[in-house]
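Reading through the structure tokens given below for one structure.
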There are 4 protein chains.
Amino acid sequence: MNNETINTEKREAIVQAMLELITERGFHATPMSMVAEKAGVAAGTIYHHFKSKEEIINEIYARLKANMGEALVREDASEEDYKKRFYRFWLNLYYHFIDHPKEFLFLEQYANSPFITKVTKEENQRYYQPVIDFLAEGVWSGILRNMDVELLVAMVYGSVATCVKLHLSKELDMNQNRVQQGVQASWDSVKMD
Amino acid sequence: MNNETINTEKREAIVQAMLELITERGFHATPMSMVAEKAGVAAGTIYHHFKSKEEIINEIYARLKANMGEALVREDASEEDYKKRFYRFWLNLYYHFIDHPKEFLFLEQYANSPFITKVTKEENQRYYQPVIDFLAEGVWSGILRNMDVELLVAMVYGSVATCVKLHLSKELDMNQNRVQQGVQASWDSVKMD
Amino acid sequence: MNNETINTEKREAIVQAMLELITERGFHATPMSMVAEKAGVAAGTIYHHFKSKEEIINEIYARLKANMGEALVREDASEEDYKKRFYRFWLNLYYHFIDHPKEFLFLEQYANSPFITKVTKEENQRYYQPVIDFLAEGVWSGILRNMDVELLVAMVYGSVATCVKLHLSKELDMNQNRVQQGVQASWDSVKMD
Amino acid sequence: MNNETINTEKREAIVQAMLELITERGFHATPMSMVAEKAGVAAGTIYHHFKSKEEIINEIYARLKANMGEALVREDASEEDYKKRFYRFWLNLYYHFIDHPKEFLFLEQYANSPFITKVTKEENQRYYQPVIDFLAEGVWSGILRNMDVELLVAMVYGSVATCVKLHLSKELDMNQNRVQQGVQASWDSVKMD
DNA sequence: CATGAATGAGAATTCATTCAT
DNA sequence: TATGAATGAATTCTCATTCAT
């Protein structure tokens, strides 16, 4: 085990501990001492790896956005029919969040928080650029309704998020049938009549 | 001005101060001393009206849900055509939040927070019961797609929230045309083909 | 006992505790918890009366400068002979510091420290203005050697401080004879030949 | 370059870094990590050369006292007239501190601090013993007033320090004329009438 | 009910020192 | 010797809540 591995291990442990605690308890309700304990490091150690509590949040945000971006385009094949690709993206995102609920909850809570710096946000937009392009292309080619792409992106992301929340809150058991209703509703909301 | 009016006034001032501060700064970044100052009362006075900081949150939640419920059904006329009524509900909600952005932000932040007790939540469901019934009736009568009503409610509410967020974040100027696109997309996502 | 007396009492206790601890141990070696304990108040109480640790230092500085200014001109009689008045001022200052060694040590340590704000310093110059005027007058009337008044003030203050330090450090027992040597040397250093 | 030279170099770098930082920022406001960085060594390396932070202070103190002792007697010629030698010593010390302001500030701050051990102090008295003897001889031979030599030493050192402080604080521009006033005042304060 | 000084537990962060490499 | 990551005790300051007036 070389030095870098050791460093990475502690850093990893801190990030993971923070992610878990923060989604369960919230930023202000998660003292650093608790993060340290859960990560199995001394309190001071955290400050060798991060300048402040907020910096950890920013690192988590960046990682989760990258994860999300990767999941989104998984198994995409550009020769497929547009609607199929839309469904795949939608479901990729949905199941990514279902599989990583803490990541979803974190992004919901902190995506619009002042803790995430503008720089961090901008640096991480690139991850979902391919899908933004995909939607823009849908509009341009007349497959999707003529909407502003920002509105389009927001509506589609919103529909995924709504379904994920329903599942996670256990308000509704999101079986395959209901997921199908969700993606179909989302598609119908944006496709050209 | 009788005693009760005076009491009500202080209570009001506290609630309003807390609502404003909490939406701007967040729960943990809003000390009670700041609430007291903004409300123009002594710190101790707050504790004559509320048992704790969390209790104020619950009262705010209840009020905002009531406001929202009232706004939702405004100018509804049950003899109107179903789609028109859907549009009216959707736009009622949308403009209510546009007119009361702090109320929207508060509900987004705290609707799923542990501060809001189960009791508070349940007590306040009644406010939008009429609209839930309206959507259930749409499904039953074949106007809306055959979806679970919880999913339906969530999707529609989600689409309103998405548009409000776009407006408030100033990501997109939500002019009348874009609002129209929003409500139309929402309708298309749930109406029977 | 009215409210003001109570407030004054706690505030006083804090200032006195801080003065004693800080002269014995130094600023950074004096934790606020120790000040609180010595003052017989809770740690948080200190922050009702002072914004920060540094603010207390500034208040102490201001008080001690005022004390010093008062002591300096005690029993001065302007009709007296110039040399007698010089001796009186010198000895007033000397015995004031001998009687209040902590005040002396505090001023030695913090008079030139960055903790004391410019504002605090300027506000407190007025206390020894009368003596500055007295020395300037001495130069002007030909009783004192023709030196810049700043140099004059510094040399005289320095000679007092030197004698006080010798006494406090117990390097030398400053009996009346030695004090007399001190003031005489100081006078000889500035008087016109 | 042999090993010893390397070691000496690091040790030197540490001492110099600490001296500079400590006079600018103070003992407690100077973290060892900062010393390490400024010295261009690792934090741990410091502890191969010194047992503790305080030990460095003691080494610095010893060096500066030696420097001061050397400067003091520079160009002294015992056959010269007593007053001339006094002037020379006084000005040697004055210009030594003017040329090495950090050394002066360090000695002012730490000469009476608990960090400097008794042992360190005693070991370093020898450096200015020649001048103490010189002053004692002045008393004995009737050139100086009959004062205790400790008082004499303190008064003279005090007058040098006063002038140096005026210069360093920029309160007064200490041109040659004013320095002359300073040394003359000091001489007048101790010489037999 | 109203006040606001007082409380004290608990927060984020710092830093001298150690020790495995 | 040299390194620098790791330690964890200690620091200043905050803030929800209480309670005597």
Side-chain angles (χ1 to χ4, degrees), chain A residues 1-4 6-7 9-11 27-37 40-54 56, chain B residues 3-4 6-7 10-11 27-37 40-56, chain C residues 1-4 6-7 9-11 28-37 40-56, chain D residues 3-4 6-7 10-11 27-37 40-56:
Chain A
M1 198 196 294
N2 60 24
N3 266 333
E4 201 178 308
I6 289 168
N7 297 348
E9 263 175 28
K10 299 246 177 197
R11 205 188 163 89
F27 183 79
H28 283 100
T30 302
M32 293 301 258
S33 56
M34 202 181 273
V35 176
E37 196 183 23
V41 303
T45 302
I46 298 178
Y47 291 88
H48 269 275
H49 295 282
F50 301 95
K51 226 177 60 212
S52 69
K53 197 178 178 182
E54 296 197 8
I56 311 182
Chain B
N3 265 332
E4 201 178 310
I6 290 167
N7 297 346
K10 300 237 176 198
R11 202 185 166 92
F27 183 78
H28 283 100
T30 302
M32 293 298 261
S33 57
M34 201 182 275
V35 176
E37 195 185 24
V41 303
T45 304
I46 297 178
Y47 290 87
H48 285 288
H49 294 282
F50 300 95
K51 222 178 65 210
S52 70
K53 198 177 178 183
E54 297 198 7
E55 207 187 67
I56 311 182
Chain C
M1 198 197 288
N2 60 24
N3 267 332
E4 201 179 308
I6 289 167
N7 297 347
E9 262 175 28
K10 299 247 176 195
R11 205 188 163 89
H28 282 101
T30 303
M32 293 302 258
S33 56
M34 202 182 274
V35 177
E37 195 183 24
V41 302
T45 303
I46 297 177
Y47 291 88
H48 269 275
H49 294 283
F50 301 95
K51 228 176 57 211
S52 69
K53 197 176 177 184
E54 296 198 8
E55 207 188 68
I56 311 181
Chain D
N3 265 332
E4 200 178 311
I6 289 168
N7 297 346
K10 300 239 177 199
R11 202 185 166 90
F27 183 79
H28 283 99
T30 302
M32 293 298 261
S33 57
M34 201 182 275
V35 176
E37 195 185 22
V41 303
T45 304
I46 297 178
Y47 290 86
H48 284 286
H49 294 281
F50 300 94
K51 223 179 64 210
S52 70
K53 197 176 178 183
E54 297 197 7
E55 208 189 66
I56 311 182

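A note on names: the letters A, B, ... follow the listed sequences, proteins ahead of strands, and every chain is numbered from 1.
In this entry the distance linking CD of Glu55(C) with P of dC13(F) reads 11 Å, nearest Å. Straight-line distance from the NE2 atom of His28(D) to the P atom of dT14(E): 17 Å, rounded to whole Å. The nearest whole Å value for the distance from the CD atom in Glu37(B) to the C1' atom in dA2(E) is 17 Å. One can place CD1 of Ile56(A) at 9 Å from P of dT13(E), the figure rounded to the nearest angstrom. Atom NZ of Lys53(D) is separated from atom P of dT17(E) by 8 Å (rounded to the nearest Å). The distance between atom CZ of Phe50(B) and atom P of dT18(F), rounded to the nearest whole Å, is 15 Å. One can place CD1 of Ile46(D) at 12 Å from C1' of dC15(E), the figure rounded to the nearest angstrom. Rounded to whole angstrom, the span from the NZ atom of Lys10(A) across to the C1' atom of dA20(E) amounts to 12 Å.
Annotation: ring pair (Phe, Tyr, Trp, His ring centres under 6.0 Å) contacts of His48(C) (sequence neighbours excluded): none. Among residues two or more places apart in sequence or in another chain, the side-chain contact (heavy atoms from CB on, under 4.5 Å) test is passed with Ala36(B) by Val41(B), Ala43(B), Ile46(B). Residues passing the side-chain contact (heavy atoms from CB on, under 4.5 Å) test with Glu55(B), sequence neighbours excluded: Phe50(B), Lys51(B), Ser52(B). Listed by chain and number, the residues in a ring pair (Phe, Tyr, Trp, His ring centres under 6.0 Å) with Phe27(D) are Phe115(D) (sequence neighbours excluded).
One distance of note links CZ of Arg11(A) with CD1 of Ile56(A); it measures 9.0 Å at 0.5 Å rounding.
Considering only side-chain atoms of Met32(C), the nucleotide from dC13(F), dA6(E), dA6(F) that sits closest is dC13(F). Comparing dT3(F), dA16(F), dT13(E) by their nearest atom to the side chain of Tyr47(A) picks out dT13(E).
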Distances for protein N or O near nucleotides 8-10 of chain E N or O, under 3.5 Å:
from   : atom 1 : to       : atom 2 : distance (Å)
dG8(E) : N7     : Gly44(C) : N      : 3.2

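Nucleotides of DNA chain E nearest to Phe27(A) and Ala29(D) differ in position, and the one nearer the 5' end is that of Phe27(A).
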- Dot-bracket, DNA chain E: Watson-Crick or G-U, under 3.5 angstrom, [ ] crossing, | other strand? .||||||||||||||||||||

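Side-chain N/O atoms of His49(D) include one lying less than 4.0 angstrom from OP1 or OP2 on dA2(F).
Across all non-hydrogen atoms, the minimal contact from His28(A) to Lys53(A) is CA-NZ, 4.3 Å.
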